[in-house]
Structures are given as structure tokens and as C-alpha cells.
Trainee: 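A single structure is presented below for examination.
Note: hydrogens, waters and symmetry copies are ignored here, and every other heavy atom, side chains too, is used.
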Amino acid sequence: MSISFKELHDWTVDTETAIALQHQLAPNIIREGEPEDIEHIAGVDIGFEDEGATTRAVIVLMHWPSLEVVEQVIHREATRMAYVPGLLSFRELPAALNALQRLEGTPQLVMVDGMGIAHPRRLGIAAHLGLWLELPTIGVGKSRLCGRHEPVGEEKGARTPLVDRGETIGTVLRTRERVKPLYISTGHRISEESAVKWVMHCLTRYKLPEPTRQADRLASRRTRALREGR
DNA sequence: GCGACAG
DNA sequence: ATCTTGTCGC
């Protein structure tokens, strides 16, 4: 897919600049909407190799509603920044964008590992990516960054709101029985309700929705093959 | 000042 | 995130 990459080549910034940028960008996030004419959904997964020196971005493009993988991209590049809670997007987005640029197809919805607006400054990696792509995005987190919530029901589909400073910023969702719940939050151009609905739509027999699960699976499979092959 | 802290 | 084998349980 074609994207505008103006600042991408020197995106490394210091902590204060990153935080200022988040404060500046967050107000532009659109927390409502119902993505339409969905034909393809993309899953984004970021991993690290060489003790963190290399960043690996995996993109999986999947057809809806068959959930069949139609395209995949694995991109590697030098890691730019260290991990700092709250500044994840500055560390992982460059690689994700370069990987997306290599994607031939274009998704109408994107799912990302991590938070959408369920972030201290309401600009988690999924929200930041959505703003950049101007596409609907959903944050699919495996653990909590901020906010509090009541215990979640045990049955699949059980949910409870994630609240921070009096504001509902996401949904804690049980995607499978006897497994830790996921933290779903709006990224951009989609309502919380719709975000949860799409995650549910993409669930099969696993904890993660297919887009991110397939991206994860592809990442570990290739990494393993590479290791065993040398 | 003391914890908490996506991936 | 990543390092790592087997093992207990639905």
C-alpha cells in the first residue's frame, strides 16, 4: 500500500519530544465510526532479534469473511530506540510502516498488538498508526498499560470496561475460556463497540483474533526456520 | 516520594 | 519483546 513517508527516515526523537508529539496528535483521533466495505483486514506484529538490535515487522493481509491469508510481508531493520512504557510507537512504528509500504494490497481495517487510546496520553501504537494511515485501527493488547477494571466474566465474550481518570478507554474482553482476557481499545476511526465486534468476528478457537494471531505465528515460524536452518 | 509500566 | 523443555489439564 502506498503511504506518505515524510518523517520516517529520521523519526528517532527524545522522550520529551515524543511526549509532546503525543499530546499534539491525540486530539486528532476519531473514536467513532463503523468501518465499511471490509474486504481485507491486516494484522501487525512487531518482534525483535539479535538481542534487540534488529526489529522485525510482520504484516498479514487477510480476506474477510473467509479469514484466509492472502498476503504477508516480513521486514527487518535496525532498531532505533529503546523500549519506554508509553512510547512504544516510536520504537515500533517505523518498521511497521516500512513493512506496510511493501504490502501490495490495502486493508480497510488494521489490528495491532498493543493499545489504541488505552494509553496515558490516549495515543497508543494502534492509535498512532491509524492516524498515520488514516485507516480504522484497533488496539489488541495482551496486558494492561493503564486504567482499572472489574474482574471479567469467565465465559467467552464476557467483557468489562477499562476506565482511566473517569474515562472509559477500552474493553477488557475474554476471548477464550480459561485464558487471560485481552485489552481492546479504539485506535482510530472506529467506535469501541465496533472494535470489540470486529475482534469477536475474527476469533476462532484461539485467544487472539486471526489477524494478529497469524502475524505472530508467521513471525515465530520464520524465525525458528531461520535458526534451525543455519 | 513510592509504585506501575503495551511490546 | 526475548531466553527456553517438559508438563499438567481442559
Trainee: Using a 4.0 Å heavy-atom cut-off, does A:Y83 contact any base of the nucleic acid, only the sugar-phosphate backbone, or nothing at all?
Mentor: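 Base contact - A:Y83 has a heavy atom under 4.0 Å of at least one base atom.
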Trainee: Tell me, please, the opening and closing nucleotides of DNA chain B, 5' to 3', among those with an atom under 4.0 angstrom from a non-hydrogen atom of chain A.
Mentor: B:dA4 to B:dG7
Trainee: Is it true that a side-chain atom of A:T212 and a backbone atom of A:P209 form a donor plus acceptor pair closer than 3.5 Å?
Mentor: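 The answer is yes, because a donor-acceptor pair under 3.5 Å joins these two groups.
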Trainee: Can you find a side-chain donor-acceptor pair between A:E77 and A:T55 that sits under 3.5 Å?
Mentor: no
Trainee: Students often get this wrong, so: under 4.0 angstrom with heavy atoms, is A:G86 touching a base, only sugar-phosphate, or nothing?
Mentor: base
Trainee: Of the non-hydrogen atoms in A:K207 and A:V179, which two are nearest, and what is the gap between them?
Mentor: CD-CG1, 3.3 Å
Trainee: What would the secondary structure line of DNA chain B be in dot-bracket form, counting Watson-Crick and G-U wobble pairs under 3.5 Å, with [ ] for pairs that cross earlier ones and | for pairs with another strand?
Mentor: .......
Trainee: What is the separation between atom CD on A:E92 and atom C1' on C:dA1, rounded to the nearest whole Å?
Mentor: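 After rounding, the reported distance stands at 8 Å.
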Trainee: So, are A:R31 and A:E167 salt-bridged, with charged N and O less than 4.0 Å apart?
Mentor: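 Counted as a salt bridge, because a side-chain N and a carboxylate O are separated by less than 4.0 Å.
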Trainee: Please report the shortest heavy-atom distance between A:L129 and A:T137, naming the atom on each side.
Mentor: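 Where A:L129 meets A:T137 most closely, the heavy atoms are C-CG2, 4.4 Å.
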Trainee: Take A:R176 and A:D216, find for each the nucleotide of DNA chain C with the closest heavy atom, and name the residue whose nucleotide sits nearer the 5' end.
Mentor: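 On the 5' side of the pair lies A:D216.
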Trainee: Contact class for A:L87 vs. all strands (heavy atom < 4.0 Å): base, sugar-phosphate, or nothing?
Mentor: base
Trainee: Taking C-beta and beyond as the side chain, do A:I46 and A:D113 meet within less than 4.5 Å on heavy atoms?
Mentor: no
Trainee: Could you check whether A:G47 gets within reach of a base, just the sugar-phosphate, or nothing at all, counting any heavy atom under 4.0 Å?
Mentor: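 It contacts sugar-phosphate atoms only.
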Trainee: Does the side chain of A:R56 get closer than 4.0 angstrom to OP1 or OP2 of C:dT2 through an N or O atom?
Mentor: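 Yes.
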Trainee: Please state how far atom CD in A:E51 lies from atom C1' in C:dA1, giving the value in whole angstrom units.
Mentor: 13 Å
Trainee: Determine the contact category for A:R144: base if any of its heavy atoms lies under 4.0 Å from a base atom, sugar-phosphate if only primed atoms, P, OP1 or OP2 are that close, otherwise nothing.
Mentor: sugar-phosphate
Trainee: What is the distance, to the nearest angstrom, from the CD1 atom on A:I125 to the P atom on C:dA1?
Mentor: 12 Å
Trainee: Tell me the interatomic distance from A:D113, atom CG, to C:dT2, atom C1', rounded to whole angstroms.
Mentor: 15 Å
Trainee: Would you name the heavy atoms of A:A18 and A:L87 that are closest together and state the gap between them?
Mentor: CB-CD2, 3.9 Å
Trainee: Would you indicate whether the side-chain heavy atoms of A:Y206 and A:R217 approach each other to under 4.5 Å?
Mentor: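 No, side chains not in contact.
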Trainee: Could you tell me whether the side chain of A:S89 and the main chain of A:I125 form a donor-acceptor pair under 3.5 Å?
Mentor: no
